[in-house]
Amino acid sequence: MDKSQGRVARDTAGELPPVVTHSGHRGLQLEEKLIFEQGVPGRIGVDVPNPPQGAADKLGAFARKEPIGLPDLSEPQVVRHFTRLSQKNYGIDSGLFSLGSCTMKHNPRLNEKMARLPGFADIHPLQPVKTVQGALELIDELARWLKTLTGMPAVAMSPAAGAHGELCGMVAIWAAIKAKGEGETRRRVLVPESAHGTNPATAAMLGFTVDPIPADARGRVDLAAFEAKLGPDVAAIMLTNPNTCGLFETDIKRIADLVHKAGGYFYCDGANYNAIAGRVRPADLGVDAMHINLHKTFSTPHGGGGPGSGPVVLSAALAPFAPLPYVVHGKDGFRLVETKEAGAAPFGRLKGFNGQMGMFVRALAYMLSHGADGIRRASEDAVLNANYVHARLKDVMTPAFEGPCMHEALFDDRFLKDTGVSTLDFAKALIDEGYHPMTMYFPLVVHGAMLIEPTESESKDSLDAFIASLRHLAALAKQGNQAAHFHAAPRLTPRRRLDETRAARQPILRWKPAAPPAPTAQAAE
Ligand SMILES: *Cc1c(COP(=O)(O)O)cnc(C)c1O
């Protein structure tokens with residue numbers, strides 16, 4: 001694209017002097033105060049009748065002794081506040097969201113329609129089992145799809161996220177090790193350096209020692225280093241495939257065989273299953289346990305949009321240790337197994353109830369509407385789109401490894417060398433271009449990493465527009481005199497550069513009034 005075209009000169013970004021408004025608003029983009037700052041003591045949004053005179057106080061010792069500290073607001077204030085906040089949000093429903101290793105794909109509205117059916121949405125987990133037969137059948141049917149797609153004999157449905165699934169799979173592995181009398185001796189878990197942070201965190205949380213395995217020059221597990229680390233104290237390897245460099249671990253079968261031979265287990269992080277669903281069955285790769293992020297591979301919303309769901313498929317060796325509860329069906333219909341039954345050795349429970357029902361409905365709706373062939377096609381298209389991005393950018397940005405890639409394209413910062421522009425600056429400039437940045441500085445095995453996962457639900461048109469912006473920025477950075485432009489980005493957002501490290505390390509999670517609080521008598525009724 002011609003750089004002089006299509007660029008709207010906007011206040012600080014162009015030659016015009018910055019626009020300062022009296023209100024602080026910028027056009028129809030309103031500056032939003034915290035809801036606490038908007039509250040006015042005594043203002044109310046609902047008209048709750050006073051209790052009848054002389055009514056007994058049923059709260060007793062539980063009655064609140066101090067004001068609750070919530071802001072007093074009218075209904076329109078509340079509606080406007082949250083509507084304006086939602087308009088500041090950027091999500092997959094607003095535009096391309098290239099966050100790598102996250103699979104931000106379109107969530108078909110059919111899924112939402114199904115999840116809102118009252119028979120699914122309005123049921124309670126403590127309802128008698130005979131009144132929720134349809135919901136149990138849905139869980140059972142989704143489990144059947146997951147087992148068929150992965151080739152695995154069992155699946156634990158209750159984990160509520162990928163990381164929770166890792167915990168589930170690793171506790172099952174630990175239980176199996178303990179059952180063999182090796183609980184005290186097998187205490188080391190091998191984790192490749194490219195792994196998602198949740199892998200070492202999970203192993204460490206269970207008291208295992210985390211032993212990192214380096215990557216080789218091809219971005220895969222260094223097989224020799226891995227073999228050297230095997231020993232009688234190894235409990236498991238936690239391996240992601242495709243890995244977080246967006247590459248298929250070509251030695252995966254050999255890795256599985258070797259870890260098994262050493263008496264350990266193979267935990268596969270299946271968060272990147274979007275690249276291989278319908279094409280490869282993890283069981284055929286020797287996997288013992290693998291979580292599937294329904295909120296990534298099977299479309300359901302994630303991040304701010306909804307809870308996660310991370311069912312874990314288990315091999316025959318681990319199946320007996322699967323957590324409670326689980327659904328079985330017999331001649332009397334579907335039943336929830338809530339206590340230990342003969343032949344099983346459940347390690348316990350992971351969750352109060354049965355899993356994320358709304359996510360189950362969405363994932364099954366996605367599977368049924370795509371069919372087995374459609375799921376395979378989605379994986380192929382995800383890989384095709386990532387390779388298209390890789391191929392269209394490799395002359396201006398620097399791919400970390402040679403292609404082809406799987407579902408995500410990884411670049412490093414060599415193309416920014418001597419420009420004064422860092423990965424962070426580049427990503428911030430992308431925000432001004434109207435795109436949520438790709439994953440930055442992850443995986444750690446690559447310097448200044450930029451990990452782009454377009455997903456299958458982006459069209460060629462939207463990819464071309466995205467690529468054009470990246471090419472424009474890469475060319476601009478390489479002009480050599482544009483570092484200041486990048487350092488100042490983003491310029492067009494309501495807030496510019498924030499101290500993200502401090503926000504993460506010292507979050508201020510509680511609002512405190514600037515002035516002394518109003519006397520109790522004036523507080524909310
Ligand atoms: C997303 C992801 C996870 C964690 O999943 P959550 O649902 O966010 O807990 C783990 N590993 C990889 C590779 C991931 O991409």
Side-chain angles (χ1 to χ4, degrees), residues 91-92 97-105 107 146 156-171 189 191-206 210 212-213 215 219-221 236-249 252 266-277 282 287 289-313 350-351 355-356 358-360 362-363 379 382 386 405-410 438-446 449 451-455:
I92 190 67
F97 205 134
S98 63
L99 210 54
S101 226
C102 264
T103 313
M104 305 296 286
K105 65 161 88 168
N107 178 42
L146 293 174
M157 297 298 288
S158 63
H164 204 205
E166 288 174 36
L167 186 71
C168 172
M170 290 304 289
V171 176
V189 172
V191 184
E193 275 173 354
S194 64
H196 194 272
T198 49
N199 292 190
T202 300
M205 202 172 140
L206 293 173
V210 177
I213 321 172
R220 271 92 175 177
V221 167
I237 181 171
M238 295 183 83
L239 182 69
T240 312
N241 199 22
N243 69 22
T244 54
C245 298
L247 301 169
F248 194 83
E249 289 284 356
I252 187 159
F266 176 11
Y267 186 91
C268 186
D269 180 329
N272 291 341
Y273 192 47
N274 197 43
I276 56 170
V287 169
M290 181 179 101
H291 71 263
I292 299 170
N293 293 51
L294 296 185
H295 49 290
K296 294 180 182 172
T297 305
F298 298 108
S299 83
T300 70
H302 64 307
S309 181
V312 180
V313 287
L350 277 170
K351 214 174 176 299
Q356 307 285 36
M359 300 309 243
F360 294 163
R362 291 177 178 93
S379 300
C405 57
M406 295 295 290
H407 62 308
E408 46 197 357
L410 178 60
M438 66 292 267
T439 293
M440 294 182 290
Y441 298 108
F442 176 82
L444 304 176
V445 290
V446 164
L451 183 61
I452 301 177
E453 180 179 359
T455 80

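Counting starts at 1 for both ligands and their atoms, in listed order. Predicted model, so just to flag it, every value in this text is computed and none were measured.
Between H164 and ligand 1, no pair of N/O atoms sits closer than 3.5 Å. For ligand 1, the polar-atom distance check finds an N/O of A163 within less than 3.5 Å of one of the ligand's N/O atoms. Taking distance alone, with nitrogen or oxygen atoms compared against 3.5 Å, D269 approaches ligand 1 more closely than that limit. In terms of N/O distances under 3.5 Å, ligand 1 is not approached by A161.
Between P301 and R362, some side-chain heavy-atom pair lies under the 4.5 Å cut-off. Looking at heavy atoms from C-beta onward, C102 lies out of side-chain contact with F97 at the 4.5 angstrom threshold.
When only non-hydrogen protein atoms are considered, atom 6 (P) of ligand 1 lies nearest to G162 N, 3.4 Å. Protein heavy atom closest to atom 15 (O) of ligand 1, with residue, atom name and distance, is S101 O, 2.6 Å. The protein heavy-atom contact nearest to atom 8 (O) of ligand 1 is H295 NE2, 4.5 Å. The nearest protein atom to atom 2 (C) of ligand 1, hydrogens excluded, is given as K296 NZ, 2.5 Å; this is a heavy-atom distance.
A side-chain hydrogen bond (donor to acceptor under 3.5 Å, both in side chains) with T103 is found for exactly one of K296, E453, H302, namely E453.
Judged purely by atom type and a 3.5 angstrom limit, T240 has no side-chain atom pairing as donor or acceptor with the backbone of A195. Checked by atom type and distance alone, the side chain of T455 never pairs as donor or acceptor with a backbone atom of K105 at under 3.5 Å. Side-chain N or O atoms of E166 include one that pairs as donor or acceptor with a backbone N or O of N199 at under 3.5 Å. A donor-acceptor contact shorter than 3.5 Å is absent between the side chain of E249 and the backbone of N243.
Contacts between E166 and ligand 1 below 4.0 angstrom, taking non-hydrogen atoms only, involve the side chain exclusively.
Using a 4.0 Å cut-off to heavy atoms of T198, the atoms of ligand 1 that qualify are 10 (C), 11 (N). Near A271, meaning under 4.0 Å from one of its heavy atoms, ligand 1 places the atoms 2 (C), 11 (N), 12 (C), 13 (C), 14 (C), 15 (O). Interface of N293 with ligand 1, defined as ligand atoms under 4.0 Å from a residue heavy atom, comprises 1 (C), 5 (O), 6 (P), 7 (O).
In this model, no donor atom of one side chain and acceptor atom of the other lie less than 3.5 Å apart for S309 and Q356.
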